[in-house]
**Q** 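The structure's right below; bear with me while I get my questions together.
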Amino acid sequence: MLKHRNRLMLLLTICIAGSTCARPKSAGAVFSPGGTMISYQSYVSERSFVNFLIGIEYGALLLEQTSKPGINAGAGYNFIFRQRNNRSGTSVWYAGPAVSLGYMADKDKFHGMIFCFSGVIGYEYSFHLPVSLSVDLAPTLGLSFHNVDENLQLSPYINGFIWSLVPRIGIKYRF
């Protein structure tokens with residue numbers, strides 16, 4: 001009995017691992033005026049995917065509000081609400097929630113931790129080659145935690161909201 005159960009568990013593990021590996025994935029870069037990010041995307045099902053981003057935020061640096069860029073990492077879960085296949089590739093419209101965490105400067109030149117919630121809406125076109133292009137908009141609401149005169153202050157993350165109103169453009173390699 002124990003031998004059959006172990007075989008069944010092994011078969012189940014192999015099936016789950018195989019189905020996870022068989023789902024489409026992509027990795028690439030996402031560019032915006034406020035920063036550059038590395039992106040990893042993996043489909044969870046035919047109608048949804050997760051997206052992980054890590055990058056450098058230099059929006060406040062460009063506006064001369066700080067002398068150092070910030071860092072940011074985030075994750076999102078996107079739902080595909082329209083998909084269309086044609087001779088040259090596949091187009092996908094998607095939307096979903098995302099969260100991010102980072103360390104950067106805000107409008108008042110104080111550096112500190114930020115925590116943000118975003119709503120992402122975007123379009124991605126995957127060519128029959130292993131390349132995809134995307135454009136998305138991710139309006140962001142966040143909080144900035146920073147130290148002022150040895151007191152921890154909590155304030156809205158203004159730069160995050162301003163830069164999130166500008167579309168991001170991505171290029172990814174699909175595998």
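Only heavy atoms go into these numbers, but all of them, side chains included; no hydrogens, no water, no symmetry mates. Please read these numbers as outputs of a predicted model, since none were measured by experiment.
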**Q** Apply side-chain contact (heavy atoms from CB on, under 4.5 Å) to Tyr43 and Ser48, showing your working.
**A** CA-CA 6 Å; Tyr43 275 75; Ser48 62; over 6 Å; no
**Q** Identify the two heavy atoms, one from Gly119 and one from Pro139, that lie closest to each other, and give their separation to 0.1 Å.
**A**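 Smallest heavy-atom distance, with atoms named: O-CD, 3.0 Å.
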**Q** Between atom CG of Leu133 and atom OG of Ser126, what is the distance when rounded to the nearest 0.5 Å?
**A**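 OG of Ser126 is found 8.5 Å from CG of Leu133.
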**Q** Check whether any side-chain heavy atom of Val30 lies under 4.5 Å from a side-chain heavy atom of Thr36, and answer yes or no.
**A**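 With C-beta onward as the side chain, the pair stays apart.
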**Q** Below 4.5 Å, heavy atoms only, C-beta onward: do Asn51 and Tyr77 meet side chain to side chain?
**A**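 No, their side chains stay 4.5 Å or more apart.
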**Q** How long is the straight-line distance from CG of Asn78 back to CG of Asp136, given to the nearest 0.5 Å?
**A**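 Spacing of CG (Asp136) from CG (Asn78) equals 8.0 Å.
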**Q** Counting C-beta onward and ignoring hydrogens, is there a side-chain heavy-atom pair between Asn86 and Tyr125 closer than 4.5 Å?
**A**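 Yes, close enough: below the 4.5 Å cut-off.
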**Q** Would you mind reporting whether Leu101 and Met113 have side-chain heavy atoms less than 4.5 Å apart?
**A**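 They are in side-chain contact.
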**Q** Can you tell me how far the OG atom of Ser39 sits from the CZ atom of Phe31, to the nearest 0.5 Å?
**A**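 Ser39 atom OG to Phe31 atom CZ measures 11.0 Å (nearest 0.5 Å).
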**Q** Check whether any side-chain heavy atom of Leu143 sits under 4.5 Å from a side-chain heavy atom of Tyr157, and report yes or no.
**A**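 No, their side chains stay 4.5 Å or more apart.
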**Q** Measuring from Ser155:OG to Ile158:CD1, what's the distance to the nearest 0.5 Å?
**A**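 The CD1 atom of Ile158 is 7.5 Å from OG of Ser155, to the nearest 0.5 Å.
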**Q** Do Val50 and Met37 sit in one hydrophobic cluster, given that two such residues count as connected whenever their side-chain heavy atoms are within less than 4.5 Å of each other, even indirectly?
**A**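 No, Val50 does not connect to Met37 through the hydrophobic network.
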**Q** Tell me whether Phe161 at atom CZ has more than 12 heavy atoms from other residues, nucleotides or ligands lying less than 6.0 Å away.
**A**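 No.
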**Q** Check the pair Ser26, Tyr40 against side chain to side chain donor-acceptor pair (under 3.5 Å), reporting the backbone distance first and the verdict last.
**A** CA-CA 6 Å; Ser26 64; Tyr40 174 78; over 6 Å; no
**Q** Kindly give the heavy-atom pair with the smallest separation between Pro33 and Trp163, and that separation in Å.
**A**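 Nearest heavy atoms, Pro33 then Trp163: CB-CZ3, 3.4 Å.
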**Q** Measure the CG-OG distance between Leu154 and Ser144 for me, rounded to the nearest 0.5 Å.
**A**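 So the CG of Leu154 and the OG of Ser144 are separated by 8.0 Å.
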**Q** Do the side chains of Pro167 and Ile169 get nearer than 4.5 Å, heavy atoms only?
**A**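 Not in contact.
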**Q** First locate atom CZ of Phe81, then atom CZ of Arg47, and finally report the distance between them rounded to the nearest 0.5 Å.
**A**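 Reported to 0.5 Å precision, the distance equals 10.0 Å.
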**Q** Only one of Arg168, Gln41, Lys172 forms a side chain to side chain donor-acceptor pair (under 3.5 Å) with Ser134, so which one is it?
**A**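 For Ser134, the side chain to side chain donor-acceptor pair (under 3.5 Å) test succeeds with only one of Arg168, Gln41, Lys172, which is Lys172.
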**Q** Could you state whether Leu165 and Leu53 fall into the same hydrophobic cluster, counting links through intermediate Ile, Leu, Val, Met, Phe, Trp or Tyr residues with side-chain heavy atoms under 4.5 angstrom apart?
**A**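 No: no chain of side-chain contacts under 4.5 Å links Leu165 to Leu53.
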**Q** Please say whether more than 12 non-hydrogen atoms of neighbouring residues, nucleotides or ligands are located less than 6.0 Å from CD1 in Ile38.
**A**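 No, not enclosed.
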**Q** Kindly work out whether a path of hydrophobic side-chain contacts (I/L/V/M/F/W/Y, heavy atoms less than 4.5 Å apart) joins Val120 to Val92.
**A**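 Linked, Val120 and Val92 end up in one cluster.
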**Q** Please tell me whether Leu152 and Phe115 are part of a single hydrophobic cluster in this structure, the criterion being side-chain heavy atoms less than 4.5 Å apart.
**A**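 Per the 4.5 Å side-chain linkage, Leu152 and Phe115 are co-clustered.
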**Q** Is there side-chain contact between Ile54 and Asn72, with heavy atoms separated by less than 4.5 Å?
**A**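 Sidechains of Asn72 and Ile54: no contact.
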**Q** Would you say Ser32's side chain and Gly34's backbone share a donor-acceptor pair under 3.5 angstrom?
**A**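 A pair under 3.5 Å: yes.
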**Q** For residues Tyr94 and Phe49, establish whether the separation of their ring centroids is below 6.0 Å.
**A**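 Centroid separation for Tyr94 and Phe49: below 6.0 Å.
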**Q** With no hydrogens and no angle check, is any side-chain donor or acceptor of Arg174 less than 3.5 Å from a backbone partner on Phe127?
**A**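 Yes; judged by distance alone, with no hydrogens or angles, the pair exists.
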**Q** Indicate, with yes or no, if Leu141 and Ile121 share a hydrophobic cluster defined by side-chain heavy-atom contacts under 4.5 Å among Ile, Leu, Val, Met, Phe, Trp and Tyr.
**A**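 Ile121 and Leu141: separate clusters.
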**Q** Restricting to non-hydrogen atoms, name the atom on Ser164 and the atom on Leu137 that form the minimum distance, rounded to 0.1 Å.
**A**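 Minimum heavy-atom separation between Ser164 and Leu137: O-CD1, 3.6 Å.
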**Q** Contact between Pro97 and Phe117 at the side-chain level, heavy atoms closer than 4.5 Å - yes or no?
**A**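 A side-chain contact under 4.5 Å is absent here.
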